[in-house]
Amino acid sequence: MAQGSAHLASDYQFWLQKLSVWEQASSKETQQDTCLHLSRFQEFLKQMYEILKEMDSNAILERFPTIGQLLAKTCWNPLILAYDESQKFLIWCLCCLMNKEPRTSGESELNSWIRGLLFHVLSTFRFNMKEVGLFPESLGYEPVDYCPRLLKHMVSSLVSELRDSHLNGVNTQSRMAPERMMSLSQVCVPLVTLPDFEPLVEALLTYHGCEPQDVLSPEFFEAVNEAFLLKKIILPVSSVINLWFRHLPSLEKAMLHLFEKLFSSQKCCLREMECCIKESLLPQAACHPSFFRIVDEMFRFVLLETDGAPEVLAALQVFTSCLVEALEKENKQMKFSLKTYFPYAAPALTALLSQRPEAIPQRNRLQPLLHISQLLREAVEDHTHGPQQGPFESWFLFVHFGGWVDLAVEQLLRKEAEPPEGLLWLLAFYYSPQDGSQRRVQTMVELKLLLNRLLMMLQSDSLSAMDLQKAAESPSADPRPPVCGQLVRRLLLSLLLWTPEGLAVAWEAVTHMAHTDALTHEITGFLDQTLYRLNHLCIEPSRKLARELLQELCPQV
């Protein structure tokens with residue numbers, strides 16, 4: 001606490017000087033300076049309360065003799081009182097100065113003075129009724145209703161003026177001056193979270209002038225974006241997208257805020273991921289190609305930084321699914337071609353991948369999978385089809401649409417057909433895009449041998465979990481590389497959950513496989529993905545088992 005008090009002692013001198021300057025001048029420049037410092041001052045009030053709540057009144061005054069002066073100046077600054085939660089922290093700080101059991105007249109006077117400040121703070125928008133009481137009564141209002149109605153009329157008048165100015169277009173005489181627009185947006189910075197000001201905030205976000213630069217303050221955009229992300233303000237989708245169009249740093253901050261929610265220390269299942277992504281409104285914004293490229297580049301960066309972490313892959317695939325859903329809702333006939341979203345990919349490949357795999361009839365699923373594999377292989381390995389695209393670029397496009405990987409695994413588990421080479425290549429490429437052609441062929445050979453062993457065992461009368469585990473082990477003395485091991489476990493878990501024979505021994509096999517924390521994390525991730533997909537399909541036995549296994553291995557999910 002001593003360290004915090006020392007920091008506070010040096011900090012509040014700065015704010016005391018600031019408050020004195022703000023108190024003595026009411027110019028436009030002073031108001032702008034106040035608005036620019038509101039968020040920092042609120043954080044200061046919050047930190048001050050954390051220190052003061054551990055001390056009694058006498059200790060506070062002894063340690064910070066000018067704190068009463070600072071809090072009093074704060075109480076008379078309407079911009080501070082209107083900003084976000086500053087009023088709440090100010091009230092808490094004032095309450096810390098109160099003596100619970102005053103013993104001297106000085107302590108009683110201090111309590112009386114603090115009560116006066118609290119009364120002022122809690123009735124910030126009151127008027128001197130003796131001076132203005134007759135005026136509202138002559139208008140037919142009760143004095144207590146006058147200020148709220150006056151505020152609503154003022155906001156309504158500004159909104160109407162903004163709309164008229166927007167409709168007047170190039171008629172410069174009828175449009176609101178850019179300087180006034182800038183000033184109005186700056187005044188609104190501390191007020192964006194107040195419900196009465198929401199119509200004005202929406203009108204400002206909707207307004208588009210003819211000036212080459214935006215006429216609204218960047219601080220206004222930042223304040224609105226912050227309030228929206230923290231759910232302190234509710235805005236229509238169109239207003240939020242207008243905000244991000246006009247201030248790209250706010251879009252980037254919204255993506256970072258989403259990443260924090262999705263990749264926090266507390267594990268987030270895919271259903272929760274989907275809810276967070278849809279609530280963010282980012283898929284609706286990404287329907288516009290310019291937004292999509294920014295969002296996609298941020299996903300690309302996170303994938304590279306995390307070496308393709310499974311949770312990041314899962315988030316990208318859920319986001320893409322939400323984006324496709326938003327495109328289907330908003331554009332019955334797409335305004336932009338798919339090539340606009342993925343300009344460096346072959347249009348035929350993008351068109352194939354963007355289809356919903358589960359919507360394709362069972363008997364017709366193999367052909368598009370083989371076509372996808374062929375196009376990807378040509379892009380990565382075939383030198384005869386023009387310039388080669390880097391393996392990462394092709395892989396990054398492919399991983400947007402994870403449903404095709406699930407479909408490839410299901411097709412490989414069909415017992416009536418020999419495993420097609422194209423599907424083996426597709427899985428090997430998905431799990432290890434950095435491998436060269438020779439290493440990938442080796443993975444395909446091992447994968448084919450494993451499939452043959454597993455499918456033969458499914459035909460036996462007595463299938464056990466241990467038999468499946470042994471069949472999944474590498475026949476050679478050399479252990480498999482980690483990536484190949486992930487692919488084998490993915491195949492084995494799919495067989496257990498998607499085939500009637502596998503369901504019978506799935507519980508024993510899965511709990512036996514999850515014998516380390518790392519494997520438990522990997523397996524629960526796959527079970528979560530499987531359950532997410534099964535929720536859209538009518539396969540109740542598999543869905544029930546996947547849910548029970550997930551709850552057993554990871555109860556908090």
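The shortest distance between side-chain heavy atoms of L205 and F220 falls below 4.5 Å. The closest side-chain heavy-atom distance from V295 to F319 is below 4.5 Å. Within the 4.5 Å cutoff, side-chain heavy atoms of L412 are placed close to those of L424.
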Please lay out, stage by stage, how E279 and K231 fare under the test side-chain contact (heavy atoms from CB on, under 4.5 Å). CA-CA 10 Å; E279 286 178 1; K231 298 183 178 179; 3.2 Å; yes
If you apply the rule side-chain contact (heavy atoms from CB on, under 4.5 Å), what do you find for K232 with E226, and how did you get there? CA-CA 8 Å; K232 294 181 178 180; E226 184 76 13; over 6 Å; no
Given ring-ring contact (aromatic ring centres under 6.0 Å, His included), test F259 with F299 step by step and report yes or no. CA-CA 9 Å; F259 285 157; F299 266 115; 5.2 Å; yes
Is there a ring-ring contact (aromatic ring centres under 6.0 Å, His included) between W404 and F401 once you walk through the steps? CA-CA 6 Å; W404 291 105; F401 307 94; 8.5 Å; no
Derivation and outcome, salt bridge (charged side-chain N to carboxylate O under 4.0 Å, His left out), residues E305 and R300: CA-CA 9 Å; E305 287 294 306; R300 180 199 299 267; over 6 Å; no
Criterion ring-ring contact (aromatic ring centres under 6.0 Å, His included) on F291 and F245, from CA distance to verdict: CA-CA 8 Å; F291 278 174; F245 259 122; 4.4 Å; yes
What's the verdict on side-chain contact (heavy atoms from CB on, under 4.5 Å) for L491 and L487, showing C-alpha distance, side-chain angles and the deciding distance? CA-CA 6 Å; L491 197 64; L487 176 52; 5.5 Å; no
Please report the C-alpha distance between K278 and E274 in whole Å, then the side-chain angles of each, then the deciding distance to 0.1 Å, and finally whether the salt bridge (charged side-chain N to carboxylate O under 4.0 Å, His left out) criterion is met. CA-CA 6 Å; K278 287 183 175 180; E274 183 180 36; 3.6 Å; yes
Evaluate S239 against E202 for side chain to side chain donor-acceptor pair (under 3.5 Å), listing each step before the verdict. CA-CA 6 Å; S239 296; E202 291 178 26; 4.6 Å; no
From CA spacing to verdict: side-chain contact (heavy atoms from CB on, under 4.5 Å), Y83, L191: CA-CA 6 Å; Y83 181 72; L191 308 172; over 6 Å; no
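Residues A326 and C287 come closest through the heavy atom pair CB-SG, 3.7 Å. Scanning both residues, V324 and S354, for their nearest heavy atoms gives CG1-O, 4.5 Å. Taking each heavy atom of W425 and R440 in turn, the nearest pair found is NE1-CD, 3.4 Å. The two residues C276 and L262 have their closest heavy-atom pair at CB-CD2, 4.0 Å. Heavy-atom minimum distance, V192 versus A223: CG2-O, 3.9 Å. In terms of heavy atoms, V302 sits closest to T306 at O-OG1, 2.7 Å.
For S217 (side chain) and M182 (main-chain N/O), no donor-acceptor pair under 3.5 Å exists by modelled atom type. No donor-acceptor pair closer than 3.5 Å links the side chain of R293 to the backbone N or O of A286. Side chain of N225 to main chain of S250: a donor-acceptor pair is present (N/O by atom type, distance under 3.5 Å, no hydrogens or angles). A donor-acceptor distance shorter than 3.5 angstrom exists from the side chain of S280 to the backbone of I277, with no hydrogens or angles considered. In this structure, the side chain of N452 engages the main chain of K448 through a donor-acceptor pair within 3.5 Å. Under the 3.5 Å distance criterion, the side-chain polar atoms of R365 are left unmatched by any main-chain donor or acceptor of L407. Remark: side-chain polar atoms of E219 are not paired, donor with acceptor, to backbone N or O of C35 under 3.5 angstrom. In this structure, S185 contributes its side chain and L216 its backbone to no donor-acceptor pair below 3.5 Å.
The structure places CG of L423 at 9.5 Å from CE of M444, a figure rounded to the nearest 0.5 Å. Taking CG of L427 as the reference point, atom CD of Q411 lies at 11.5 Å (rounded to 0.5 Å). Once rounded to the nearest 0.5 Å, the distance linking CD of E43 with NE2 of H37 reads 14.5 Å. Residue L352 holds its CG atom at 9.5 Å from CG of L369, rounded to the nearest 0.5 Å. Between the CG atom in L194 and the SG atom in C188 there is a gap of 10.0 Å [rounded to 0.5 Å]. For the atom pair I294 CD1 and M298 CE, the distance stands at 9.0 Å (nearest 0.5 Å).
Ring planes of F396 and H400: perpendicular class, angle over 60° (limits at 30 and 60°). Ring pair F342/F292 is perpendicular by interplanar angle, where above 60° counts as perpendicular and below 30° as parallel. Between H247 and F221, the ring planes lie parallel to each other; the angle is under 30°, not in the 30° to 60° tilted range.
Contacts of H371 classified as side chain to side chain donor-acceptor pair (under 3.5 Å), with partners at least two apart in sequence or in another chain: none.
In summary, the aromatic rings of F398 and W395 are positioned with their centroids too far apart to meet the 6.0 Å limit.
Shown here is Q438, whose CD atom has no more than 12 heavy atoms of other residues, nucleotides or ligands within 6.0 Å. When the shell of 6.0 Å around CD of E421 is examined, it contains 12 or fewer heavy atoms from other residues, nucleotides or ligands. Within 6.0 Å of CG on L256 lie more than 12 heavy atoms contributed by other residues, nucleotides or ligands.
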